[in-house]
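Here's the structure we're looking at; comments come further down.
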Amino acid sequence: MGLKETFYISHGSPTLSIDESLPARSFLQSFRHEVFPEKPKSILVISGHWETSEPTVNAVSGVNNTIYDFYGFPEKIVKELLKESGFKRVHEDKKRGLDHGAWVPLMLMYPAADIPVCQLSVQTNRDATYHYNLGKALAPLKEEGVLIVGSGATTHNLSRMRRGSNDDGSVVTWALEFDNWLKGALLEGRFEDVNHYEEKAPYAKVAHPSPDHFYPLHVAMGAAGENAESELIHHSWSYGALSYASYKFKATSD
């Protein structure tokens, strides 16, 4: 079963797992019914919560250290694809389980926890184009029925979020402008602009003081292919600055 789609999910706060007031929670619960009804053979999550100096795949034998049993993913295929594409040093981590960038969205998307899952790290010492090429190297996984999901946050500046009673539903200018720029670039297919977002996007360094939660988007985008179409599949805000914008990338014919 070959797949054409890849996804970028804004997973937001860990409270997404329990806070029923968040629209993004309902979106993720509807994912397997309304967004992507096919059941993937396995899932690869690129999480903004795992930073390493070189690409690393978690390769836990048995049960990952989460509340769910995720095992059986062919992590060595991921490693081999990356090495064949020129990523000379790719590592396996045999102890690290699934962080909340993976288990929070997945517990809502696939609550039965009956699909093998593994994670791939991001390298914040590299740039966005590097991660786009990382995604291109992983594209063959789709032919094997693997769902590739980048998990991060479309805007991620925790020091500038509004918390508590001062959150009146409005969105700060820097977050809104960056979010709108990204939506326009993706829907218009300007992937190279997204790869060079630090020079192209307004308030890029404010929206992402560190790129860890943004690079998963570049991996998902690269894995979809150069002629992929982008679709905004969810959009909501919390804390006046945290965007839950999520995207689908779908390969198209030349």
For this session: Verify whether one side chain among S47 and D99 offers a donor that lies under 3.5 Å from an acceptor in the other.
Result: yes

Problem set entry | Side-chain heavy atoms of L120 within contact of V45, under 4.5 Å | no

Exercise. Are the side chains of M109 and V35 in touch, meaning some heavy atoms are under 4.5 Å apart?
Worked result: no

Exercise. So which heavy atom on A128 is nearest to which on V194, and how close?
Worked result: CB-O, 4.5 Å

Exercise. Strictly under 6.0 Å, is that where the ring centroids of H208 and F178 end up?
Worked result: yes

Problem set entry | L81 side chain near I77 side chain, heavy-atom distance below 4.5 Å | yes

Exercise. Between T56 and V90, is any pair of side-chain heavy atoms under 4.5 Å apart?
Worked result: no

For this session: Search all heavy atoms of L232 against all heavy atoms of L187 and return the closest pair with its distance.
Result: N-CD2, 3.9 Å

For this session: Using distance alone, with no hydrogens and no angle criterion, decide if E51 and T124 have a side-chain donor and acceptor under 3.5 Å apart.
Result: yes

For this session: Would you name the heavy atoms of W174 and T155 that are closest together and state the gap between them?
Result: CZ3-CB, 4.3 Å

Problem set entry | CA sep, side-chain torsions, deciding dist, call: H156, H213, ring-ring contact (aromatic ring centres under 6.0 Å, His included) | CA-CA 7 Å; H156 193 254; H213 275 59; 3.7 Å; yes

For this session: Could you tell me whether the side chain of E231 reaches within less than 4.5 Å of the side chain of Y247, counting heavy atoms only?
Result: no

Seminar exercise, completed: Heavy-atom nearest pair, E177 first then P202, reads O-CG, 3.7 Å

Exercise. What do the steps show when you test H218 against Y197 for ring-ring contact (aromatic ring centres under 6.0 Å, His included), and what is the final call?
Worked result: CA-CA 11 Å; H218 296 90; Y197 75 97; 5.8 Å; yes

Exercise. Under a 4.5 Å side-chain heavy-atom rule over Ile, Leu, Val, Met, Phe, Trp and Tyr, are V78 and Y130 clustered together?
Worked result: yes

Problem set entry | Note, R160 side chain near V172 side chain (heavy atom, < 4.5 Å) | no

Problem set entry | Contact summary for T6 and A220, nearest pair of heavy atoms | OG1-O, 2.7 Å

Problem set entry | Derivation of the salt bridge (Lys or Arg N to Asp or Glu O under 4.0 Å) call for E192 and K200 | CA-CA 10 Å; E192 273 304 296; K200 300 285 187 177; over 6 Å; no

Exercise. Where do E92 and K94 land on the salt bridge (Lys or Arg N to Asp or Glu O under 4.0 Å) test, with the steps shown first?
Worked result: CA-CA 6 Å; E92 294 181 19; K94 298 183 182 297; 3.0 Å; yes

Exercise. Does the ring center of F7 lie less than 6.0 Å from the ring center of F31?
Worked result: yes

Exercise. Under 6.0 Å between ring centres, would you say that holds for F36 and Y110?
Worked result: no

For this session: Could you walk me through whether T129 and H196 pass the side-chain contact (heavy atoms from CB on, under 4.5 Å) test, one step at a time?
Result: CA-CA 8 Å; T129 298; H196 295 91; 4.1 Å; yes

Exercise. Hey, are the side chains of Y8 and V219 touching, using non-hydrogen atoms and a 4.5 Å cut-off?
Worked result: no

Exercise. Which atom pair, heavy atoms only, marks the closest approach of E5 to L147?
Worked result: O-CD1, 4.3 Å

Exercise. Is I233 reachable from V149 through a run of I, L, V, M, F, W or Y residues, each pair having side-chain heavy atoms under 4.5 Å apart?
Worked result: yes

Exercise. Do K39 and I115 have side-chain heavy atoms sitting under 4.5 Å apart?
Worked result: yes

